Structure formats: structure tokens, C-alpha cells
Amino acid sequence: MERYDPAEIEARWQAVWAEERAFEVPNPADPAADERPRAYVLEMLPYPSGDLHMGHVTNYTMGDVVSHFRRRTGFQVLHPMGYDSFGLPAENAAIKTGGKPAEVTAHNIGRIRAQMLRMGWSIDWSRELSTADPAYYRWTQWIFLQLFERGLAYKRGATVNWCPQDQTVLANEQVVDGCCERCGSEVEARKLEQWFFRITDYADRLIDDMDQLENWPDRVLTMQRNWIGRSQGAEVVFKVVDGAWEIPVFTTRPDTLFGATFFVLAPEHPLVHELVQGTAAEEPVADYVRRHGSESVAERMRDDRPKTGVDTGRRVVNPVTGEEIPIWISDYVLVEYGTGAIMAVPAHDDRDHAFAQAFGLSIRQVVAATDGEVDVQTEAFTSAGDDAVLVNSGRFDGLRVAEAKSAIAAWLVEEGRGETKTAYRLRDWLVSRQRYWGAPIPIIDCPACGLVPVPDADLPVVLPEIDDYAPKGRSPLAAAEEWRSVPCPTCGAAALRETDTMDTFVDSSWYYLRYVSALDATQAWDRAAVDWWLPVGQYIGGVEHAILHLLYSRFFTKVLFDAGYIGFEEPFANLFTQGMIYKDGAKMSKSKGNVVAPDAIVNRYGADALRMYVLFMGPPDQDKEWSDSGVLGPSRFLDRLWRAVLQIAAATTGEALPAAPAAASGAALDLLRLTHRTTQRVTEDIDRRLHFNTAIAASMELLNGIEKARDELLLEPVGGVALRHAAGTLVCLVQPFSPHIAEELWSRLGGERLWEAPWPVVDPALLVSDTFTCVAQVNGKVRDRIELPRDLPDAEVIARVRALPKIVEHTGGREPVKEIVVPGKLVNIVVR
RNA sequence: GCGGGCGUGGCGAAAUGGUAGACGCGCCGGGUUUAGGACCCGGUGGGGGAGACCCCGUGGAGGUUCAAGUCCUCUCGCCCGCACCA
């Protein structure tokens, strides 16, 4: 028999699909457009390093299975692909080899595209995009200016995260444990003028609109919620003794106000200098501030570090007790959060408690446990539940914490000493980078007019060709004097271009919109086409983007909605986050030397086997361990499928997928039932649960059934039709996973264009049989099984089970206390 | 500390509260080829028994139920996210 040759089959069908433009879909303006329902299936776009890795293979194969399935169940499917092609790796490679980032990138895209094509994914390649292409980043710049016009993009001096290795600033989201997410160097704090996006304006909507994201993993929503970190509380104003200053603090525990025994300012707090000027504390405070400022971010984040601080000698008045309490400076108070100042309640806050102990400050209990004593001198009592009531708090004594929070907050408002307030952990998104390979920020700095947007007609601001990409602590673009010097668009005076480029996460925050109009040079997207395709129906990607890409994209979508450019507020209706693939217990990485190259597996077993294996390995949302021998399972399965279908195709005649013969009985009927049960399982596993591993297992069971029945069924005509029906169905079910072999076998069965053939339909009559295997239990333990007619009345079922010798033996002649019948499943006889 | 998730054969894993281990890898035995990472048949959780069979078994301890891997309470271990956020 002809051997299964994946390499030959795969190349041939890939050529057919390309020739037929099988996976290209029309926009609404296109005459070819029709009114069938639409599905936008999208996977996160890849960074084009030279080689495809297993994570990509899993990600895009999952999306491809969904795409094929939707296409064959009546949808027009938009399934595009592009490259997130700006960024450091290409730039660093160019510096190392003396090439140009654009050339390195073009080369890498060529390689990764070739590897993607070998996987046979059903992608509409006519919409391919690359974020480093001026035709793309022209619109990234346009969006930047949309934000600028609305006050959502602004430049300010700030203490920012500086990566000494990459020589650029980083967003908060890109700092992990005090180190650069990309290169691992310890991040330094630097005071610089930088561009920010005002994502904090959208903090509430980013949290509240999570209600609409029912089909997002809880994990991702929780991570975003934590990252935004919304806390309800109160702002309380404290007056400084012997001075005109009033300093507000933010607290989530206004109920503990009576227990505030000292006050702390962050070292960077703007009032620090004024407060101590000309006093005895001036020198020690200045000294503390200086020492604190020179510490690295990582040092400040060490969790076991002792509390440090310095007394200002100044005092503030506690608004409820009238008591004067000392003002300290300490770096455990963060200037960026709340107001940069806190009221310290050592009895009920661990950090304040540690500070009070370190400096011998007084600790006063104002909340007590309803059950049992607590010693707040030893340890802070932080419970805020119903088991905690106020003490030493004047007329608020006896209130539970929750009640006291609102009562004291109300009192503060009444007295004009404070107001209710919400604080967020989220910071504005720092988007400027001092590197070359990114979209230039389209702003011109005019000495007379200030920051002026580049006029739309002058977009894109194209990256100039330069000779030296090496980072020097400022953007390499600053050296391109000629490019940089331009007349001010407003007044015509000599002005300078902004030389920073944008964070690459800006590029990827809107690419899902561009696919609908990827070739349109006149606008970022066609509104009618966006309304037609979006929001994205199914988005698939790695969980590592939970608080970067996925939060930024939601923010952009809301901004563009508010600006009237799109008609929806959430970009991704359904999100699926796939697990990572490990090898030898570790993430695959070049440095660990445990990378398995997809190309090598394709060479050996074919793309169809690899595609099937990455999904067969386990549940798609879980991390998985790569096994070199594991791929043999799907590989052998496809080989057996090949031989079985070819044999059936040769021994029988008829359609590729003939109707199930009505006259079937015995083994033929059993096979038809198995076929339809399998169709049901595969359909549900793909459609509802994205449980590809069990869908594949079900297909394997069907093949096992076909092989077992084959020789017998080929002897008679009805059996032959049943076999052909089973084989045709199986080929259909396998197609989303391993489309090349499926297409080939389909054509051997006499079919055409499987990629658009209708999905097999389940005949409900074939899902049930006239008998069932009844499990016979005594006291919940399985003792026997018996084949019974499905329509037998319960009483008769019980009688038949009770007559079984093993049941008689285990009941030992005792009368049942109870008899449980689960129809079509089991009988449980309960005896004492 | 706060939040999320996970513990089932040698391994990857299945299992609407109803037959635990489907499907696959590996391994064992047999066959067939012995150019093959080839193919076919049978077996494969642990313990006992010559055997039909019996007992135990889903990290651990309780509980609910006729029935628990699945639900509840406590507990141990691992992974991930956030973390001096007031």
C-alpha cells in the first residue's frame, strides 16, 4: 500500500489553499461579502525572532482549530496574522552584527513566515501586517496624537525606572522584582522628562467593565484587578502645629483615626524641605532624603528590610482627638500612592507597628476583638471584620469597624476635615523609550509654542537612517540633527522633533483593528468593516500578557470608543489563555538548551502530527511537559488513519461521506452509533470547552472501532456503507487538527474542498441504543453488570438486578432498606 | 501577608455527584518482518489467591449522601500573580 508521506501531502495542499485563496474573507464593501454570521478568531501576534517556537505552534494551532470549526459550521472567519516587529532584540542584533534593525527584522520575518506556512494554518495572508512598517506606524502615531489632543498623552518630569543595560526607561508593568523584565538588570530610579498615557483616568472603567468579560479567565481578571488596585477610603486633612500647612492623607481605615499616634511623609513629599527649613532637623532630614534617593529599586523592595526614618521635630494635630503627634519622614511611605503622607496607627497596621517599635513611638489600641484579648503592644491587631469593635474612640465606641468607617468618614465631611476618596495602585503608562527601533513620537518641541503635534499630512514621521544605534542614555535619534531640526508647524520658528520612540506595547494595543483594513492607506481602519468584524470573537494567547498587552488594549479601545472611532468598549469578547510548554521541568529557552524546534519535528513527523500532538498533550489552559516520544502517539494515529481510509476507499464505492444506512444492524449499527457519539463528543469539546485533547482522544477511539470492525464489515454491502460513513466522518473530525492529511484522504474518498465542507451532523437516533449496561451495586459497591433493555420499567430493572447471583451473595438474604435506580445507568441495593 | 490555581498509574492525562484510570507514551509477553523512530495481537494502579474472585486505592483527616476524584470543613505540599499600596 502507498505510504503516508506527510512532507509531500502537506506541501501540495498548502499550494492548493494558497492558489484557491481558501482562507481570505471579504469586507462588507466587497461584492463577494455575504450575510453569513461572522467569527473573528485571533491569536496574539508574534514578535518575529528568527524561529517559531512551541508556544507559537500551540497558540496558533488552537486558533486554527477554532477557525476551521467555525468555518465549517457556517461562519465567515477572519483569521489574520502579523508581526510585532519593533523592539529591542532586532536593534541589539543589529548593533552586534553591524547591520540595520530594519534589515534584521525583514530577514527574521521572512524566516518565521516560512515556518508558519509549513504549519498549514488557515490564515488570511492578504491582511498580513508588520508594526514596524511605516504604513502601520503612521496610524500608531495618529492614535498617539488622538490621545495627545484629549490630554491623555502628556510629558512630565518624574522618577522613572531606568534599565542600565538597555539604556532606556521602562513602564511599571515591565519591572519585575526590581529588575528589567527583558534583560534582568537591576532597575535604577532616575528623574527624567517622559511621555505618559493617562491610563489612570480609565481605572474605574477598566475595573467596572470587567462585568462584560464573562468569558475571560478569572485569573486574568483578578490580576488586572490587583494591578489597578482600587481602594475605597477617606482623605483626612491634618493641620501642622505652628504653621499654615495642611497635609492630607489617604486611609482605608478612617475608623482607626483615634489611634493615630504619629504621622509620616514620604522622603520625596514636596513639603519635606519647607517643613524643616531653618530648624535643627534640617540637616538630618536632608541627609536621610539624600541617602534614601541613592538606593536602588531592588534594595527598596527587599521585604525583610528594617524600618528607617527621621523625626522632623514638627507636629500635626489629630483632628478627632486634638492631640499633637510627631511628623516623621520614612521611605516606607510611597510618594506616588495616595497623597504621599500617612497617619500612622501602630496598633492596627503592621508597618506602622514595626516603625513605632523601631523608634519607641506610642501605640494606642482603638479596635478590640469581641472574643478574647489582644495585646497591641506586641503585635498589630488588623482585623476589620465583624469580630472587631471600636474602643477609646469617644462617641464611636462600640461600633463595628464597618459602621465606624462610614460614621467617622461622615463626621470628617461634616467638619470639613476630610472627604471620602478612592485610591489606585495603577500608575500612568510610561510610553517613551530612548531607543531607535520603535515608532517615533510625532511631536515637535517649539521654543515659542511648546509641544506641537505633527500635522496629519506630515505623518508618518519616518524613522531616519542613522549610523550608530548604540544606546547612550538618550535616544539615538537625537544624533540625527538634520532629521531633528524642523520648522514649528504652528509658528514656523526653528524647532526640534521629539527623539524618543514609543514602547512597543503601544503598537500592539490596536493591531486587532488594523487587520480589517490592513491595506488601506487613507485611514487607520474602515468603520463599516470594524463594525462588521469586531469585537474579536475569540482571542487566544499567553497569560504573561494579563496585565500588559491585555490591559493596554482595553484602555485603547475605551479611548477610541470615547473619541467615536469605534462602537464598542471591550476589544476581546472571549479570551483563552493557553498554558506554557516545558521541557525537563523548565521553560524552553536557548540559555537552558532545552528548546525543541518545531521545524525539526515537522521534518520528522509532519506538521499534521505536530499540530495534533501539541493539542493532545493535555488541557489547553494548563502548562504541559514536552515529551519527545509523546509525538509518536498522534504520528502513529495519522499513519493508521491513512491506511484504514485508503483500504476502505479502495474496497467500497459511493460518496466521500455517504448517509448512514438505515438497514444497519449488529456490528454495522454499533459502528454507526460509535461514529455519531464521537461526532457529538468532538463537536462539544471543540465548540463549548476548547478541550482539544479529549476531542482527539475520541477520534482515536473511533479509529480503533473502525479497525476492529473493518474486516467483518467489508464482507457485506450495508457494512461497507457503514464503514465508509464512519471513515468519512472521522476524516471530517480530524480536519481542524490535521488538515493536510484530512484533505488528502477526503479527496481519495472522492470528496472536494474539505476546508469548506459542512461539519458532520449528529443523528440523535444513533446516540441511543436499545440496551444499556446496567451497573449493579450493593451498598454503593459495584458487584456486577448486566445488559438490559433500555425501556424496561424500574421495578423490572430492580428485579433483574436482584436476581443476579453475585447480588444475592452480597445481600446475604437481607431485605433491602432502599433501592436506587439511575435510569440507563445503575441500580444500587442498600442493605443493613 | 493578600489573591488565583493545582495535587489521580512509571509518564502526559480521562471521568454532567453514578463502572476511577478513557486516549496516548513507556514497559512486559507473543507474532511478523528483521534496512528502518515499522506493523499486528495480548497484558500493564497496589496487595492477596491455583482459581472464580476478594481487599485497598484519586496528598492527609473529618463530614454530607444510597453513592464522593467530584460537594462541605480543616490540614499538608507545589505553582503563579501582587506586595512597605496606608
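Note on naming: letters A, B, ... go to the chains in the order of the sequence lines (proteins, then strands), and numbering restarts at 1 for each one. Just so it is clear, the structure is predicted and the values come from calculations on it, not from any experiment.
Qualifying side chain to side chain contact (heavy atoms under 4.5 Å, CB included) partners for A:K781, counting only residues two or more places apart in sequence or in other chains: A:R783. By the side chain to side chain contact (heavy atoms under 4.5 Å, CB included) test, A:A697 pairs with A:F616, sequence neighbours left out. Contacts of A:Y4 classified as ring-ring contact (aromatic ring centres under 6.0 Å, His included), with partners at least two apart in sequence or in another chain: A:W642. With sequence neighbours excluded, the residues that form a side chain to side chain contact (heavy atoms under 4.5 Å, CB included) with A:R681 are A:A698, A:E701. Legend: residues meeting ring-ring contact (aromatic ring centres under 6.0 Å, His included) with A:Y552, ordered by chain and number and at least two apart, are A:W429, A:F505. The side chain to side chain contact (heavy atoms under 4.5 Å, CB included) check on A:R802 picks up A:I798, A:E815, A:P816, A:E819, A:I829, with sequence neighbours excluded.
Stem analysis of RNA chain B (Watson-Crick or G-U pairs, both distances under 3.5 Å, runs of at least three) returns B:1-7 with B:76-82, B:10-12 with B:23-25, B:26-31 with B:39-44, B:45-48 with B:53-56, B:59-63 with B:71-75.
Across the C1' atoms, B:A15 and B:C23 are found 12 Å apart, a figure rounded to whole Å.
Screening residues 674-712 of chain A for ring-ring contact (aromatic ring centres under 6.0 Å, His included), with sequence neighbours left out, gives A:H676-A:H725.
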Readout for nucleotides 44-55 of chain B: B = base within 4.0 Å of protein heavy atom, S = sugar-phosphate only, - = neither; 5' to 3' it is ---------SSS
All N/O pairs under 3.5 Å across the protein-nucleotides 31-33 of chain B interface:
none

Pull out every protein N or O sitting under 3.5 Å from an N or O of nucleotides 1-8 of chain B, one pair per line with the distance.
none

Atom pairs, N/O to N/O, protein against nucleotides 16-22 of chain B, distance under 3.5 Å?
{"from": "B:U19", "atom 1": "O2", "to": "A:R785", "atom 2": "NE", "distance (Å)": "2.5"}
{"from": "B:U19", "atom 1": "O2", "to": "A:R785", "atom 2": "NH2", "distance (Å)": "2.4"}
{"from": "B:A22", "atom 1": "O2'", "to": "A:E701", "atom 2": "OE1", "distance (Å)": "3.3"}
{"from": "B:A22", "atom 1": "O2'", "to": "A:E701", "atom 2": "OE2", "distance (Å)": "3.3"}

